[in-house]
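No hydrogens, no waters, no symmetry mates; every other heavy atom, side chains included, goes into these values.
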Amino acid sequence: MALKPNSTDTRTRSSIQIFIVVGLCCFFYILGAWQRSGFGKGDSIALEMTKHSADCSIVPTLNFETHHAGEVGNVDESEKPKSFEPCHPRYVDYTPCQDQSRAMTFPRDNMIYRERHCPREEEKLHCLVPAPNGYVTPFPWPKSRDYVPYANAPYKALTIEKAIQNWIQYEGNVFRFPGGGTQFPQGADKYIDQLAKVIPITNGMVRTALDTGCGVASWGAYLWSRNVIAMSFAPRDSHEAQVQFALERGVPAVIGVLGTIKMPYPSRAFDMAHYGMYMKEVDRVLRPGGYWVLSGPPINWRNNYRAWQRPKKELEEEQKKIEEVAKLLCWEKKHEKGEIAVWQKRVNDEACSGRQHNSQANFCKAEEANDVWYKKMDACLTPYPDVSNPEEVAGGKLKPFPERLYAVPPRVASGSVPGVSVETYQGDNEKWKKHVGAYKKINRLIDSGRYRNILDMNAGLGGFAAALDSPKLWVMNVMPTIAEKDTLGVIFERGLIGIYHDWCEAFSTYPRTYDLIHAHGLFSLYKDKCNLEDILLEMDRILRPEGAVIFRDEVDVLIKVKKITAGMRWDTKMVDHEDGPLVPEKILVAVKRYWVVGANSTSVQ
């Protein structure tokens, strides 16, 4: 039976809106941020309540003249803001650094053409990427795990190409995701149950997972109910819209490929990795004691070589090579049954100290383990951190999740991050609990389930994501490559996920990925580094229609940001710091208006 994307909670839509408006969350309704799908687009009743709502004091008007006259005086408020036109409809799914036409000009060897290739300055678009006709807010989690509105990603190829593997089915005006995958056509749940017999998935010790070549990310989608958060990635258009489907389902994913460039993650980041045949690079990001899962070819080649239509000798050699590399990496094989094999990375290299004398064991420089942005993949082995005894976990033992979230991370406890002490870390946590508490008063939708996919553009120690922690949402924590301190390893040690990125370039994701974007100090950080207009246009590209943005920065910076966004079909409001109007740091909240292809404007070619 076909489902209607707008049907969820339709009868309660007006009452929800009235409650929120009367409950002092009037700012987002004044801005016109009435939501589609599960929370509905605004109706006349809610609008009327907004008009007559007397108490909007929760978002007070700033008095710049009294407290910040100098900063305001530097901006000509009378100047009309630049207006940005919609891009041509052909750019509805535009991914600047993974553009298909540009990709085809690069070599196909080692998947180079699928790697990041960003436009030159003169090639950049300076327009607003439109949403497709009929676009609606995705279903709330967990319904979004199983259903995606067809209008949001209208691509049917996978329903035919992957029909036998049960990836995706088209049913009327929605796609349904039965939970199948290339290596688990009977469903991800059963597959994860098999893994759980070998890997301690249920006790909190496996929290972060990496899924390379993720398909539509059903493995990550079904791990969520086991309190495991998976970072899924796959190339653009390797299978039509696979990463886009993952994100519409509410599953963490980015566009990426294991080619010649290091993955944008720190060393010792993940508790578990799924597939990924570049084993030395997987080893770099796998935590000591972590697990590597390989299912499918060449595992169980003796029984499957005919079905795979590959020579027995070739498959035998392939598995032999995997076993040799795993031994060199200090991985121990824990399980092989059917088409599933599991290795565990040893907790330190005491048990395989003999590899120091192996001619194939060329070790990387330890200080380069996190130097990954556009850096070529190394043929060397990432060394373990030193230990004082054979039982010690190299790099430090982690607590089970959720205790891990606020426990002192080993990189902090050991002093591995310059300038970050235990006291600094704990103080940062308290600060972000306070900040997030203020955000929730400004925007009551934060706790409602309305915002599933959240982006923190300058994540620091991960305090924002930790304070938001909820089964209703996930946060992509971005560590800017120009940040003074590299704390992404700390973020992963808290049981959170993240990625390195330079915001002078486009992010590795599809348009309309995130429901809520947080930018703390980002525009101060990138001041004089690149064009702030480009960063804001990129934020618009990856923000869903009717999505929200929270900027926290110095007031003079936010005034410049506000001026640019005035031409971007965003509604904004400046808010005082929670400690009062005398604090120079302010909050700028914004909502992207709903509009789609062809709506009220000509487009930029």
S.K.: Can you confirm whether the side chains of Asn429 and Arg494 place a donor and an acceptor under 3.5 Å from each other?
M.R.: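 Short answer, yes.
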S.K.: Between Asp378 and Lys262, is the closest basic N to carboxylate O distance under 4.0 Å?
M.R.: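 Looking at Asp378 together with Lys262, the answer is yes, because their closest N to O distance falls below 4.0 Å.
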S.K.: Sequence neighbours excluded, which residues qualify as side chain to side chain contact (heavy atoms under 4.5 Å, CB included) partners of Cys118?
M.R.: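 Partners of Cys118 by the side chain to side chain contact (heavy atoms under 4.5 Å, CB included) criterion, ordered by chain and then number, come out as Cys97, Arg116, Tyr374, Glu505.
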S.K.: Suppose we screen for ring pair (Phe, Tyr, Trp, His ring centres under 6.0 Å). Which residues come up paired with His501, at least two apart in sequence or across chains?
M.R.: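 Counting only residues at least two positions away or on another chain, His501 forms a ring pair (Phe, Tyr, Trp, His ring centres under 6.0 Å) with Trp373, Trp503, Phe507.
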S.K.: Say whether Tyr526 and Asp502, considering side chains only, have a donor N or O and an acceptor N or O under 3.5 Å apart.
M.R.: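 Side chains of Tyr526 and Asp502: pair found under 3.5 Å.
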S.K.: So does Lys431 pair up with Asp428, basic N to acidic O under 4.0 Å?
M.R.: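 Looking at Asp428 together with Lys431, the answer is yes, because their closest N to O distance falls below 4.0 Å.
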S.K.: Do Arg552 and Tyr439 have side-chain atoms, one donor and one acceptor, less than 3.5 Å apart?
M.R.: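 Yes - a donor-acceptor pair under 3.5 Å links their side chains.
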S.K.: Less than 3.5 Å apart, any donor N or O on the side chain of Thr382 or Arg268 sitting next to an acceptor on the other?
M.R.: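 There is no such pair (donor and acceptor under 3.5 Å, judged by atom type) between the side chains of Thr382 and Arg268.
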S.K.: Between Arg284 and Tyr265, do the side chains contain a donor N or O and an acceptor N or O under 3.5 Å apart?
M.R.: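 Side-chain D/A pair, Tyr265 to Arg284: absent.
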S.K.: Quick one: side-chain hydrogen bond (donor to acceptor under 3.5 Å, both in side chains) partners of Glu121, sequence neighbours excluded?
M.R.: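 For Glu121 the side-chain hydrogen bond (donor to acceptor under 3.5 Å, both in side chains) partners, ignoring immediate neighbours, are Lys124.
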S.K.: Applying side-chain hydrogen bond (donor to acceptor under 3.5 Å, both in side chains), name anything that partners Glu248, two or more places apart in sequence or on another chain.
M.R.: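 In terms of side-chain hydrogen bond (donor to acceptor under 3.5 Å, both in side chains), with neighbours along the sequence ignored, Glu248 is linked to Asn152, Arg544.
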S.K.: What pairs with Trp343 under ring pair (Phe, Tyr, Trp, His ring centres under 6.0 Å), at least two apart in sequence or on another chain?
M.R.: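 Here the qualifying residues are Trp292.
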S.K.: Can you classify the ring geometry of Phe551 versus Phe523 as parallel (below 30°), tilted (30 to 60°) or perpendicular (above 60°)?
M.R.: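 The rings of Phe551 and Phe523 sit tilted, inter-plane angle from 30° to 60°.
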S.K.: Can you name the ring pair (Phe, Tyr, Trp, His ring centres under 6.0 Å) partners of Trp570, sequence neighbours left out?
M.R.: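 By the ring pair (Phe, Tyr, Trp, His ring centres under 6.0 Å) rule, Trp570 matches no residue at all.
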